[in-house]
**Student:** 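Okay, here's the structure, questions in a sec.
Just so it is clear: chains get the letters A, B, ... in the order the sequence lines come, proteins before strands, and each one is counted from 1.
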Amino acid sequence: MATTTLPSTEQVWTWLADVPDPEIPVISVTDLGIVRDVRIEDETVIVAVTPTYSGCPATSIIELDIETALARQGVEKVRIERRLSPSWTTDWIGDEAREKLRQYGIAPPDRAGASSAGTLRASRLGGGELTVACPRCGSTETEKVSQFGSTPCKAAYRCKSCLEPFDYFKCI
Amino acid sequence: MPSLPDMNATDVVDMARRAAEHQAPRDHHIHNEDLKPALFEWLCRMGDSSLILGHRVSEWCGHSPVLEEDIALANIALDLIGHTQMWLGLAGEVEGKGRDADALAYRRDAADFRNFLLVEKQNGDIGSTLMRQFLFDAWHIERLRGLKGSSSERVAEIATKAFKEVSYHVDRSADLVIRLGDGTDESHRRMQKALDSHWTYANEMFTDDGLDEAVAEAGIAMRPSGLKPAWDALVDEVLAEATLTRPQNDFARRGGKTGERHTEHLGHILAEMQFLQRAYPDASW
Ligand SMILES: [Zn+2]
């Protein structure tokens with residue numbers, strides 16, 4: 001029966017590096033840092049995935065895309081495990097992926113921002129409002145339109161220099 | 001943990017390294033028979049308040065006064081429904097009768113719901129919706145902050161995840177309460193009216209009962225009354241900036257979190273929310 005040879009976990013990681021995020025197709029699910037573990041048990045490839053936002057509708061699409069991608073590589077048995085901790089943070093988005101986001105027109109998350117969750121109001125009252133550079137023209141003359149944007153992970157901003165609206169990948 | 005000795009792509013190696021060797025935490029509370037009934041009901045309290053508020057907030061989708069608000073409210077509703085899946089999912093696991101989050105959300109009747117009365121109140125105008133949101137968010141953030149250190153690892157991991165999202169919720173609702181409270185005469189009047197209307201409902205969030213006691217003794221969650229000082233501090237600060245007057249009334253409307261006496265509104269919410277699953281059980285498409 002089992003004529004297909006099982007892939008190595010290393011091989012699975014490289015395949016996953018080609019699975020695009022359904023909403024931001026320029027970065028992959030591994031770029032996003034949401035694949036937490038790959039292991040093989042009893043001929044089943046188990047991929048542990050952590051959600052970005054709890055209610056993100058893309059989570060189940062991502063899981064389906066992973067299953068489909070592995071099936072296309074001939075992997076017969078795949079199981080997706082949802083893992084909550086450690087909880088996902090935008091700090092897991094690598095530098096290369098940040099550059100891809102910027103070129104795609106999305107301002108990447110602030111490096112220092114993730115740890116400040118829970119003190120947002122306090123930091124703003126202290127004058128610490130975040131400076132977000134426009135992904136098109138690079139200007140830091142930008143303003144927040146809304147903390148909540150087109151998807152759960154993004155905020156809506158506007159550039160006062162080139163006048164274009166843009167998405168900012170907000171920190172959690 | 002997969003070792004990746006022969007891989008060249010440094011980012012992939014780095015990713016694998018960061019992918020912690022971490023299984024779902026073992027949690028002795030989940031299998032404690034004595035604690036089970038209280039823990040199940042307490043988890044339903046957390047999940048039901050998120051579910052009902054999430055549903056209420058989602059009613060604004062397509063009806064908000066401005067596009068940005070419409071998007072924000074829809075996103076907040078999504079977060080709350082996401083939290084519901086985690087809380088009720090764990091509740092079903094603890095109960096051990098094969099009910100998952102969907103079964104608990106869609107196939108219980110009003111008397112089995114354990115949400116605060118505050119969250120089942122009708123939306124009213126956008127000011128009333130935002131004031132209710134702020135009073136809840138201010139409770140929610142303190143609740144989750146404490147739960148991050150829960151003796152139950154499963155509770156702690158849900159709280160850690162939700163806390164980050166709720167910090168955005170409270171940031172926004174506080175901001176809007178200030179803008180509308182300290183806005184025009186009309187917006188000020190409406191916000192004060194909303195505050196007065198929600199106040200005795202909000203007080204339910206700080207009532208303790210025997211179930212809270214059992215869960216607190218197990219180190220799972222702080223007694224609700226213990227959340228009051230931090231809530232007071234944030235609420236007082238925001239109301240002062242919003243030029244709104246804090247009601248001097250400590251009376252708490254009760255019956256939501258115990259399920260003893262919900263308002264008539266809950267049945268209407270459930271009729272809409274549960275219709276499909278009741279009419280076509282386990283429907284899929
Ligand atoms: Zn620009």
Side-chain angles (χ1 to χ4, degrees), chain A residues 8-14 16-17 30-33 35-40 48 50-51 53-57 59 81-92 94-97 114 116-125 145-156 170-172, chain B residues 1-7 9 11-16 18-25 54 66-69 71-86 141 144-145 153-154 156-158 160-172 174-175 234 237-238 241:
Chain A
S8 63
T9 53
E10 292 87 341
Q11 179 63 65
V12 174
W13 275 101
T14 50
L16 295 176
T30 53
D31 281 336
L32 258 181
V35 178
R36 307 305 301 153
D37 190 21
V38 174
R39 61 182 201 281
I40 294 166
T50 194
Y53 276 73
S54 309
C56 184
T59 306
E81 252 178 27
R82 239 183 239 197
R83 191 174 286 183
L84 284 183
S85 61
S87 68
W88 184 76
T89 159
T90 38
D91 288 346
W92 292 343
D95 287 333
E96 210 177 304
S116 70
T119 56
L120 292 164
R121 196 180 143 65
S123 67
R124 197 191 50 224
L125 291 173
V145 178
S146 174
Q147 193 67 270
F148 294 83
S150 55
T151 66
C153 59
K154 286 178 254 154
K170 69 191 184 201
C171 303
I172 64 166
Chain B
M1 183 69 191
S3 61
L4 303 174
D6 53 3
M7 290 202 49
D11 54 336
V12 176
V13 174
D14 191 40
M15 231 115 57
R18 288 192 312 239
E21 189 184 21
H22 188 97
Q23 308 291 326
V66 289
L67 182 62
E68 287 77 12
E69 275 314 294
I71 293 168
L73 288 164
N75 272 310
I76 287 164
L78 267 180
D79 284 346
L80 290 168
I81 303 300
H83 303 161
T84 304
Q85 277 175 336
M86 298 191 285
I141 196 78
L144 295 172
R145 194 194 308 279
E153 287 176 50
R154 298 289 298 278
E157 70 174 4
I158 296 173
T160 303
K161 179 91 197 140
F163 179 81
K164 298 201 250 185
E165 293 157 10
V166 171
S167 64
Y168 279 105
H169 300 182
V170 68
D171 191 49
R172 168 181 167 279
D175 200 37
L234 177 60
E237 179 201 321
V238 169
E241 212 178 323

**Student:** For A/T89 and B/K164, what are the C-alpha separation, side-chain angles and deciding distance, and is it a side chain to side chain contact (heavy atoms under 4.5 Å, CB included)?
**Tutor:** CA-CA 9 Å; A/T89 159; B/K164 298 201 250 185; 3.7 Å; yes
**Student:** If every non-hydrogen atom of A/Q147 is compared with every non-hydrogen atom of B/D171, which pair is closest and at what distance?
**Tutor:**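 A/Q147 and B/D171 have their closest heavy atoms at NE2-OD2, 3.6 Å.
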**Student:** To the nearest 0.5 Å, how far apart are CG in B/N75 and OG1 in A/T151?
**Tutor:**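 B/N75 CG to A/T151 OG1: 7.0 Å, rounded to 0.5 Å.
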**Student:** Report yes or no: does B/D79 contribute a side-chain atom to a donor-acceptor pair with the main-chain N or O of A/Y53 at less than 3.5 Å?
**Tutor:**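 Side chain of B/D79 to backbone of A/Y53, a donor-acceptor pair under 3.5 Å: no, none is there.
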**Student:** Distance from A/S146 atom OG to B/R172 atom CZ, nearest 0.5 Å?
**Tutor:**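 These two atoms lie 7.0 Å from each other.
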**Student:** Any sub-3.5 Å donor-acceptor pair from A/K170's side-chain atoms to B/Y168's backbone N or O?
**Tutor:**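 Checking the backbone N and O of B/Y168 against the side chain of A/K170, no donor-acceptor pair under 3.5 Å is found.
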**Student:** Between atom OG of A/S54 and atom CD1 of B/I81, what is the distance when rounded to the nearest 0.5 Å?
**Tutor:**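 A/S54 OG to B/I81 CD1: 11.5 Å, rounded to 0.5 Å.
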**Student:** Between A/F148 and B/H169, how do the two ring planes meet: parallel, tilted or perpendicular, split at 30° and 60°?
**Tutor:**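 Tilted: the ring planes of A/F148 and B/H169 meet at 30° to 60°.
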**Student:** What part of A/T50 gets within 4.5 angstrom of chain B, counting heavy atoms only: side chain, backbone, both, or neither?
**Tutor:**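 Neither part, no heavy atoms under 4.5 Å.
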**Student:** Looking at A/P86, is its backbone amide N or carbonyl O close enough to the side chain of B/K161 to form a donor-acceptor pair, meaning the two atoms are under 3.5 Å apart?
**Tutor:**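 Checking the backbone N and O of A/P86 against the side chain of B/K161, no donor-acceptor pair under 3.5 Å is found.
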**Student:** Assess, by modelled atom type and distance only, whether the side chains of A/S85 and B/E157 contain a donor and an acceptor separated by less than 3.5 Å.
**Tutor:**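 Present: a donor and an acceptor within the cut-off.
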**Student:** Of the non-hydrogen atoms in A/S87 and B/T160, which two are nearest, and what is the gap between them?
**Tutor:**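 Closest approach of A/S87 to B/T160: OG-CG2, 3.8 Å.
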**Student:** Closest heavy-atom contact between B/I71 and A/G149?
**Tutor:**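 So the two residues come closest at CG2-O, 2.8 Å.
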